[in-house]
Amino acid sequence: MPERHNALPELEPSSLLAVIEFTETQVKNFRRSLLSWYPRHRRAFPWREEPSLYRTVVSEFMLQQTQVSTVLPYFERWMKRFPDFETLANARESDVLKHWEGLGYYNRARNLRRLAEKLSGRKSMPETPEAWRELPGVGPYTAAAVTSIAFGARAACVDGNVVRILSRIHSDDTEFRDGGAAARAYTATAAALLDPARPGDHNQAMMELGATVCFRTKPLCTTCPLLRFCRAGQGGDPEKHPVLAAKKVTRVEVPRLWCRRDNSLLLHRASGTARRLADLYELPDAQLLGLEAGDTESLGPILLRRKRSITRYRITETIHRYSPPRGRKVPLSAGSGLEWIPLDRLNGITLSGPHRKWVDELIAAEGEADSDG
DNA sequence: AAGCCGGGGCC
DNA sequence: GGCCCAGGCTT
């Protein structure tokens with residue numbers, strides 16, 4: 001067994017949290033290795049090939065908790081419809097949400113539009129992370145990303161990629177309650193490592209490395225430019241880091257109604273101030289009409305049963321074909337959020353991603369049933 | 001600090 | 001089925 005080359009100083013486990021104990025020289029070599037790797041391996045994305053402040057901001061909002069492959073088609077459509085802050089600021093929120101349909105975390109879209117409203121009226125753009133933090137939807141990560149990329153601000157990004165890389169470099173066994181706690185713990189380390197001469201490239205390089213080399217499972221350590229700085233990569237088990245506490249999962253059953261009348265479908269629209277899915281439509285929860293889960297007798301036959309996850313909730317949604325009992329009207333009291341939507345208007349409204357799919361699916365199925373009969 | 005917000009990719 | 005992803009807001 002050949003002796004491993006280990007460029008790292010011996011570290012006490014307890015000292016690993018806040019700052020990597022690299023020498024000045026090691027920090028410089030770390031930056032040089034990273035920045036030499038980046039231009040040779042960076043992927044071409046529309047917001048990189050044709051960069052602008054606006055495109056950088058839009059991409060960062062879309063990329064919050066969302067993978068690049070998912071974002072790409074949305075980004076292109078978005079740029080055609082809302083090419084700049086001005087256009088976005090003047091657009092209707094319903095139109096903005098429609099273009100976000102299916103991406104999830106819909107407050108990102110509302111915040112992005114509000115941000116555009118605040119910026120489109122200004123003579124000059126804010127250029128510091130502190131100033132960007134004042135804008136809606138901009139937290140520590142996005143402020144650092146936007147200002148380092150667009151203005152060369154010396155602000156370090158700490159996202160899931162960076163946490164994964166740094167925790168492996170440390171071989172850090174600290175258990176964090178979630179990714180956010182880990183990100184806060186690594187903020188000082190990331191700042192100390194940031195290359196002050198090229199902050200934007202440095203940040204993007206770290207995230208690119210996390211996305212294309214330092215995978216959560218089966219990382220490509222043998223090709224990693226930072227291997228010589230990485231304790232887990234050299235002698236440990238990279239997949240064990242970072243250590244995040246297990247999340248509690250809650251299971252939920254939601255009965256929903258497929259309620260047709262003439263050429264309309266009954267839908268529920270969340271209020272504009274709702275915490276979840278504000279202003280978006282979904283098939284009505286049976287409980288809104290005073291019906292109980294499991295009461296198939298009054299709910300009607302099952303048309304569809306689907307599982308999905310929303311953060312820590314494991315949700316099973318069962319869609320029943322519902323016909324109101326004779327003589328009983330569906331109560332459309334003001335403020336209930338229930339609306340009859342004509343079928344020819346369905347494409348114009350915004351549903352949550354899964355409900356959009358299910359509604360389209362069921363409408364198509366009814367069409368076939370009709371032509372069969 | 002803890003809870004909440006979507007949806008999809010991947011193992 | 002479980003975990004993660006270019007996080008941020010509310011309480």
Side-chain angles (χ1 to χ4, degrees), chain A residues 42-43 45 47-48 55-75 97 100-112 114-115 132-146 148-149 156-165 176-185 187 190 200 203-212 214-219 239 241-252 270 273-278 280 282 306-317 350-357:
Chain A
R42 74 193 271 281
R43 294 167 293 175
F45 295 135
W47 50 89
R48 283 181 178 161
R55 291 165 69 88
T56 300
V57 171
V58 172
S59 69
E60 291 301 344
F61 267 69
M62 288 187 171
L63 287 165
Q64 289 170 9
Q65 298 298 99
T66 308
Q67 294 180 347
V68 172
S69 58
T70 305
V71 164
L72 282 171
Y74 282 90
F75 184 83
L97 282 172
W100 205 271
E101 186 184 56
L103 255 189
Y105 287 123
Y106 297 92
N107 272 335
R108 293 185 295 177
R110 306 161 143 282
N111 285 336
L112 182 53
R114 287 172 53 209
L115 180 150
W132 275 82
R133 279 297 305 276
E134 304 294 318
L135 296 166
V138 178
Y141 164 77
T142 306
V146 168
S148 68
I149 294 170
C157 292
V158 189
D159 69 339
N161 290 307
V162 174
V163 166
R164 201 164 55 252
I165 294 168
F176 300 100
R177 66 166 276 282
D178 60 23
R184 285 190 290 279
T187 298
N203 282 328
Q204 293 191 78
M206 287 290 280
M207 296 187 283
E208 192 75 355
L209 188 66
T212 63
C214 196
F215 297 132
R216 179 171 61 89
T217 57
K218 299 183 179 177
E239 293 192 4
H241 311 277
V243 185
L244 301 178
K247 292 173 188 168
K248 298 168 200 159
V249 175
T250 304
R251 287 177 169 72
V252 183
T273 58
R275 170 195 291 274
R276 182 175 168 268
L277 300 176
L280 268 64
E282 291 198 319
R306 292 282 190 278
K307 293 182 179 181
R308 61 166 165 155
S309 296
I310 299 177
T311 62
R312 71 183 190 87
Y313 295 96
R314 185 80 186 159
I315 302 168
T316 304
E317 297 176 74
T350 306
L351 290 90
S352 71
H355 285 238
R356 163 60 64 190
K357 274 193 291 189

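What's counted below: heavy atoms across the whole structure, side chains too, no hydrogens, waters or symmetry copies. Worth saying up front: this structure is predicted, and the values here are computed from it rather than measured. We name chains A, B, ... by the order of the sequence lines, and we start the count at 1 in each one.
- Chain A approaches DNA chain C within less than 4.0 angstrom (heavy atoms of the protein), and the contacting nucleotides run 5' to 3' from C:dG1 to C:dC9.
- For A:Ser69, there are no side chain to side chain donor-acceptor pair (under 3.5 Å) partners, not counting sequence neighbours.
- Remark: A:Tyr106 pairs with no residue by the side chain to side chain donor-acceptor pair (under 3.5 Å) rule, at least two apart or across chains.
- Distance, A:Gln67 CD to B:dG7 C1': 10 Å, rounded to whole Å.
- Among the protein residues, A:Arg356 comes within range of no part of the nucleic acid, since none of its heavy atoms lies under 4.0 Å from any strand.
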List every contact pair, protein side and nucleotides 1-3 of chain B side both N or O, where the distance is under 3.5 Å.
residue	atom	partner	partner atom	Å
B:dA2	OP2	A:Arg177	NE	2.9

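- Side-chain atoms of A:Arg306 and A:Thr316 include no donor-acceptor pair closer than 3.5 Å.
- The separation of C:dC9 from B:dG8, taken at their P atoms, amounts to 24 Å, rounded to a whole angstrom.
- The base of B:dG8 lies outside donor-acceptor range of the side chain of A:Thr66, with no N or O pair under 3.5 Å.
- Among residues two or more places apart in sequence or in another chain, the side chain to side chain donor-acceptor pair (under 3.5 Å) test is passed with A:Thr350 by none.
- Residue-level contact check: A:Leu277 touches the backbone only, with heavy atoms under 4.0 Å from sugar-phosphate atoms and none from bases.
- Look at the P atom in both C:dA6 and B:dC4: the space between them is 24 Å, to the nearest Å.
- Checked against side-chain contact (heavy atoms from CB on, under 4.5 Å), A:Asn107 has the following partners two or more places apart in sequence or in another chain: A:Arg110, A:Asn111.
- Contact annotation for A:Trp47: base contact, defined as any heavy-atom pair under 4.0 Å involving a base atom.
- In this structure a side-chain-to-backbone donor-acceptor pair under 3.5 Å is present from A:Arg164 to A:Cys214.
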Taking only distance into account, with no hydrogens and no angle test, what donor-acceptor pairs under 3.5 Å do side-chain atoms of residues 177-184 of chain A form with protein atoms, sequence neighbours excluded?
residue	atom	partner	partner atom	Å
A:Asp178	OD1	A:Gly180	N	3.0
A:Asp178	OD1	A:Ala181	N	2.8

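- Among the heavy atoms of the strands, none lies under 4.0 Å from A:Ser59.
- At a threshold of 4.0 angstrom between heavy atoms, the contacts of A:Thr311 include nucleobase atoms, whether or not backbone atoms are also involved.
- Within 4.0 Å (heavy atoms only), A:Gly102 reaches sugar-phosphate atoms of the nucleic acid but no base atom.
- Note: CD1 (A:Ile315) to C1' (B:dG7) measures 12 Å, nearest angstrom.
- Scanning for ring-ring contact (aromatic ring centres under 6.0 Å, His included) contacts around A:Tyr74 gives an empty result, with sequence neighbours left out.
- Residue A:Arg276 places at least one side-chain N or O closer than 4.0 Å to OP1 or OP2 of B:dG6.
- Each of A:Trp47, A:Trp100, A:Phe45 was evaluated against A:Phe75; a single residue qualifies, A:Trp47, per the ring pair (Phe, Tyr, Trp, His ring centres under 6.0 Å) test.
- Rounded to an integer number of Å, the gap from OH of A:Tyr74 to P of B:dG9 is 10 Å.
- Checked against side chain to side chain donor-acceptor pair (under 3.5 Å), A:Arg251 has no partners two or more places apart in sequence or in another chain.
- Residues A:Pro140 and A:Arg133 meet the side-chain proximity criterion, which asks for heavy atoms closer than 4.5 Å.
- The residue A:Val162 sits apart from the nucleic acid: no heavy atom pair falls under 4.0 Å.
- As a whole-Å value, the separation of A:Glu101 CD from B:dG8 P is 11 Å.
- Position along DNA chain C of the nearest nucleotide to A:Ala246 versus A:Met207 favours A:Ala246 as the more 5'-ward residue.
- If you check every strand for non-hydrogen atoms under 4.0 Å, A:Arg48 touches a base.
- Looking at heavy-atom distances under 4.0 Å, A:Asn107 makes no contact with the nucleic acid at all.
- The separation of B:dG9 from C:dG8, taken at their P atoms, amounts to 23 Å, rounded to a whole angstrom.
- In this entry the distance linking CE of A:Met62 with P of B:dG8 reads 15 Å, nearest Å.
- Between B:dG7 and A:Tyr106, a contact under 4.0 Å exists linking OP1 or OP2 to a side-chain N or O.
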